[in-house]
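Heads up, the thing below is written out as structure tokens.
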Amino acid sequence: MTDVIVTANSGSSSLKFALYPAEAGARKPLLRGEVTGIGSAPVLSARMGEHALVVTEPLNAIPADATHEWLITQLLQRLRGEYVMYRPVAVGHRIVHGGPTFEGPIRIDETVRRKLEDLVPLAPLHQPHNLAAVDAVSHIAPELPQVACFDTSFHHNQPRLAQLFALPRRLSDEGVIRYGFHGLSYEHIADVLPVYLGERANGRVIVAHLGNGASMCAMNGRRSVATTMGFTALDGLMMGRRCGSLDAGVVLHLIEQKGMAAADVHHMLYRESGLLGVSGVSNDMRVLEASSDPNAREAIDLFCYRAIREIGSLAAVLGGLDALVFTAGIGENSAGIRSRIAEGAKWLGAALDAEANKRGETAFHSNDSHVALLRIDTDEEGVIARSVAHALEQGGACA
Ligand code: AMP
């Protein structure tokens with residue numbers, strides 16, 4: 001029987017999970033899976049080692065109304081039943097918001113659980129699903145240690161000016177500041193960057209995490225110095241369904257002039273905007289790239305335009321650019337989007353090797369490029385698993 005760490009990464013409509021050997025530094029999962037379409041038409045896919053796992057009934061029989069809680073419960077029950085060769089020793093969760101309190105991974109006890117609940121209003125779309133997974137584990141396996149790993153931690157030590165809004169001081173004192181997200185993804189990239197860049201990894205790097213949620217992080221010395229998401233995961237780049245940066249006056253207009261209720265504005269900005277809102281076709285970049293609809297094309301144009309503008313802003317903060325890294329669903333898989341955004345960074349010295357980009361190679365800059373262009377797969381689950389192993393070694397909090 002192999003002792004394993006279970007990782008749970010609950011998105012708004014997805015649940016990614018993995019099993020890692022319970023030893024410090026383990027980098028390869030024994031099993032990795034994902035349920036997408038939660039709330040509409042859930043589909044499970046899983047990989048064991050390098051191979052896609054053939055998913056058989058009844059594992060694949062996920063009811064249409066399955067919740068994150070139900071899925072986590074099923075996973076743990078199966079680990080006690082048909083997959084008894086794996087013995088879970090701890091569960092690590094991706095928790096979107098750590099607020100001003102949590103600087104790094106922490107063992108979840110009753111006090112921590114309560115504090116995490118208090119942060120729900122700061123990440124209403126994600127935090128409840130994250131906590132539902134925590135509660136499901138507490139219910140079915142109360143003896144298992146659980147560790148919270150935060151998307152905000154990587155940005156915790158950003159310079160003060162990068163965190164401040166130009167709002168009355170009392171609000172920043174209350175914690176209305178820019179937190180930044182996708183920290184587990186950025187931590188992974190910062191961790192592996194020296195493999196590809198050597199000493200240059202410690203230079204001026206922009207990482208573009210382009211998935212359904214999208215953000216960019218400026219790193220210097222492999223630490224976050226600025227990022228595009230702010231107080232919530234609504235800010236910054238245009239996303240699948242989220243609007244990204246928006247003149248706050250638009251929100252006032254919607255409420256004061258158009259009489260919209262706050263809940264409806266919330267729904268519009270989080271669920272009906274971004275690629276979906278502009279295209280009127282889909283939030284999925286694959287569908288938009290295959291579409292001949294002019295609105296789909298304009299949505300892609302705006303996505304790239306926004307990304308190029310943010311690169312300019314982050315490069316200004318860094319004082320130049322040594323490397324531009326693409327990761328997450330769109331960044332890893334769309335050669336077209338990578339090429340358009342990299343072209344927009346030409347003025348910074350980035351020169352593309354178009355063929356290497358099309359082939360999906362890790363490094364796709366030309367020999368005379370002053371900026372390294374890289375495509376690196378993200379691995380949030382791996383970061384969670386290593387944090388849990390570390391926490392277990394330390395016997396509790398590891399931050
Ligand atoms: P993530 O949130 O990182 O899982 O990324 C999900 C998004 O990646 C999807 O909504 C798609 O828009 C995008 N994506 C995945 N594969 C591809 C691909 N081959 N080409 C373009 N976009 C892709």
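Predicted, not measured: the structure shown is a model, and the values here were computed from it. The first residue in the sequence is number 1, and the count goes up from there.
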message = Under 4.0 Å between a side-chain nitrogen and a carboxylate oxygen: does that hold for E381 and K16?
response = no
inquiry  = Salt bridge or not between E343 and K346? Use side-chain N to carboxylate O under 4.0 Å.
reply    = yes
key: Test item: V251 and L246 side chains (from C-beta on) under 4.5 Å apart, heavy atoms   = yes
message = Nearest 0.5 angstrom please: M239 CE to S273 OG, how far?
response = 10.5 Å
request  = Take R170 and E174 through the test salt bridge (charged side-chain N to carboxylate O under 4.0 Å, His left out) and record every step on the way to the result.
outcome  = CA-CA 6 Å; R170 64 176 184 282; E174 275 171 23; 5.5 Å; no
key: Flag if over 12 foreign heavy atoms under 6.0 Å of CZ, R359   = yes
ask   = Taking all non-hydrogen atoms of both residues, which atom of P124 and which atom of H266 are closest, and how far apart?
value = CG-CE1, 3.4 Å
key: From NE2 (H93) to OG (S387), nearest 0.5 Å   = 13.0 Å
ask   = Counting only heavy atoms not in H267, do more than 12 sit closer than 6.0 Å to its NE2 atom?
value = yes
query = Less than 6.0 Å separating the ring centroids of H182 and F154?
reply = no
ask   = Looking only at side chains, do T327 and H209 share a donor and an acceptor under 3.5 Å apart?
value = no
inquiry  = Minimum heavy-atom separation for V120 and P128, please, with both atom names.
reply    = CG1-CG, 3.9 Å
query = Atom CD of Q158 and atom CG of L164: how far apart are they, to the nearest 0.5 Å?
reply = 11.0 Å
message = In the structure I gave you, are the side-chain heavy atoms of F364 and L352 within less than 4.5 Å of one another anywhere?
response = yes
message = Is a donor from one side chain sitting under 3.5 angstrom from an acceptor on the other, for H188 and E380?
response = no
inquiry  = Please determine whether the number of non-hydrogen atoms from other residues, nucleotides or ligands lying under 6.0 Å from atom CZ of R309 exceeds 12.
reply    = no
Residues forming a side-chain contact (heavy atoms from CB on, under 4.5 Å) with N212, sequence neighbours excluded = N283
query = So how far is it from L76 CG to F17 CZ, rounded to the nearest 0.5 Å?
reply = 10.5 Å
ask   = So, for R271 and L276, which heavy atoms are closest and what is the spacing to 0.1 Å?
value = O-CD2, 3.6 Å
key: Donor-acceptor side-chain pairing of D235 and S245 below 3.5 angstrom   = yes
ask   = Are M219 and V225 side-chain neighbours, meaning at least one heavy-atom pair lies under 4.5 Å?
value = no
task = Using a strict cut-off of less than 4.0 Å between a Lys/Arg side-chain nitrogen and an Asp/Glu carboxylate oxygen, indicate whether D379 and K28 qualify as a salt bridge.
result = no
key: For H129, ring-ring contact (aromatic ring centres under 6.0 Å, His included) partners two or more places apart   = H68
ask   = Should the ring pair F102 and F150 be called parallel, tilted or perpendicular, given that the plane angle runs from 0 to 90° and is split at 30 and 60?
value = parallel
key: Polar contact flag, side-chain donor to acceptor under 3.5 angstrom, N220-R204   = no
message = Looking at every heavy atom in both I95 and N130, which two are closest together, and how far apart are they?
response = CA-OD1, 3.5 Å
key: Y305, OH atom: more than 12 neighbouring heavy atoms under 6.0 Å   = no
ask   = Just by distance, with hydrogens left out, do S282 and D284 show a side-chain donor and acceptor under 3.5 Å apart?
value = no
task = Give a yes or no on whether E298 atom CD has more than 12 heavy-atom contacts from other residues, nucleotides or ligands under 6.0 Å away.
result = no
task = May I ask you to decide whether R286 forms a salt bridge with E289, counting only side-chain N to carboxylate O separations under 4.0 Å?
result = no
note = In terms of heavy-atom contacts, S215 and M229 come closest through CB-CG, 3.8 Å
query = Distance under 6.0 Å and angle within 45° of the ring axis: does R241 meet both against Y270?
reply = no
query = Side chains of N157 and R223: donor-acceptor distance under 3.5 Å anywhere?
reply = no
ask   = Can you check whether H155 and F181 have ring centres sitting under 6.0 Å from each other?
value = no
request  = Output yes when a side-chain donor or acceptor of T73 lies under 3.5 Å from a complementary backbone atom of E69, and no otherwise.
outcome  = yes
request  = Considering non-hydrogen atoms only, spot the tightest contact between Q127 and V96 and give its length.
outcome  = OE1-N, 3.6 Å
key: Working for side-chain hydrogen bond (donor to acceptor under 3.5 Å, both in side chains), residues Y179 and T232   = CA-CA 7 Å; Y179 290 97; T232 65; over 6 Å; no
key: Note, C149 side chain near R94 side chain (heavy atom, < 4.5 Å)   = no
Under 3.5 Å donor-acceptor, T228 side chain and G236 backbone = no
task = For the pair R306 and E310, find out whether any cationic side-chain nitrogen is under 4.0 Å from an anionic carboxylate oxygen.
result = yes
remark   = Rounded to the nearest 0.5 angstrom, the OH-CG distance for Y20 and L31 is 10.5 Å
